[in-house]
Amino acid sequence: MNKLFSLILSVLLLTGGAVMAADFEQPFKKGELNPYNNYFTGTTFLERLCDKDDIWNSSIANVTFEPKARTNWHKHSGGQILLVTAGEGRYQERGKDIKILQKGDVVKIPPNIEHWHGAGPNGMFAHISIEPNLPNNQTIWLEPVSDKEYK
């Protein structure tokens with residue numbers, strides 16, 4: 001009986017994960033492996049939607065996180081705006097509680113606020129990242145978010 005239960009549980013977990021990943025829908029392309037992944041824990045993907053130009057002075061990208069993937073602690077000298085488009089995520093400012101993010105949430109991060117963001121533990125997550133106030137908005141990458149801080 002224990003072997004049968006283990007087999008059924010394994011099949012449910014494996015197929016449930018595959019269905020969840022296959023059903024993960026977002027309005028923009030997942031993109032390529034994020035070239036900034038050395039500032040992340042886990043795997044993320046990046047699709048640039050709008051590069052900075054002389055009219056809009058902002059950069060817009062779709063960032064897709066695999067489960068448990070997250071940024072390092074960091075800050076933006078010109079601030080950042082996150083538009084959650086899919087999945088469940090996490091956001092935390094240094095010294096504050098972690099916030100659970102859901103599709104449709106908007107996070108407005110003031111300039112120079114140390115923070116991190118990423119996927120929840122059980123599923124993928126995607127958000128649009130808007131970096132306003134370019135060219136003077138610089139990202140300052142800090143230390144990784146520990147597993148203890150993440151939990």
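Please read these numbers as outputs of a predicted model, since none were measured by experiment.
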Only one of Phe40, Tyr150, Tyr91 passes side-chain contact (heavy atoms from CB on, under 4.5 Å) with Trp116, and that residue is Tyr150
Using every non-hydrogen atom in the two residues, find where Gly31 and Phe45 come nearest and quote the distance to one decimal.
O-CD2, 4.0 Å
Min side-chain heavy-atom separation His74-Gln80 under 4.5 Å
yes
Using the side-chain contact (heavy atoms from CB on, under 4.5 Å) rule, pick out the option among Asn136, Thr139, Asn112 that qualifies with Ser77.
Asn112
Separation between CG of Asp51 and CG of Leu134, rounded to the nearest 0.5 Å
10.0 Å
Val107 vs His117 side-chain heavy atoms within contact, under 4.5 Å:
no
Least distance between heavy atoms, Ser59 atom then Arg48 atom
OG-NH1, 3.3 Å
Does Trp141, at its CH2 atom, have more than 12 non-hydrogen atoms belonging to other residues, nucleotides or ligands within less than 6.0 Å?
yes
Might you point out which heavy atoms bring Glu149 and Ile98 nearest each other, and give the distance in Å?
O-CD1, 3.4 Å
Contact summary for Leu82 and His127, nearest pair of heavy atoms:
CD2-CE1, 3.6 Å
Is it the case that Asn72 and Thr41 place a side-chain donor and acceptor less than 3.5 Å from each other?
no
Kindly give the heavy-atom pair with the smallest separation between Leu46 and Ala61, and that separation in Å.
CD1-CB, 3.6 Å
Donor-acceptor pair, distance only, cut-off 3.5 Å: does the side chain of His76 make one with the backbone of Ile140?
no
Would you indicate whether the side-chain heavy atoms of Pro67 and Met124 approach each other to under 4.5 Å?
yes
For Glu32, is the CD atom crowded, meaning more than 12 foreign heavy atoms sit under 6.0 Å from it?
no
If you count heavy atoms of other groups shown closer than 6.0 angstrom to NZ of Lys103, is the number above 12?
no
Heavy atoms only: give me the nearest Gly78-Pro132 pair and the separation to one decimal.
O-CG, 3.6 Å
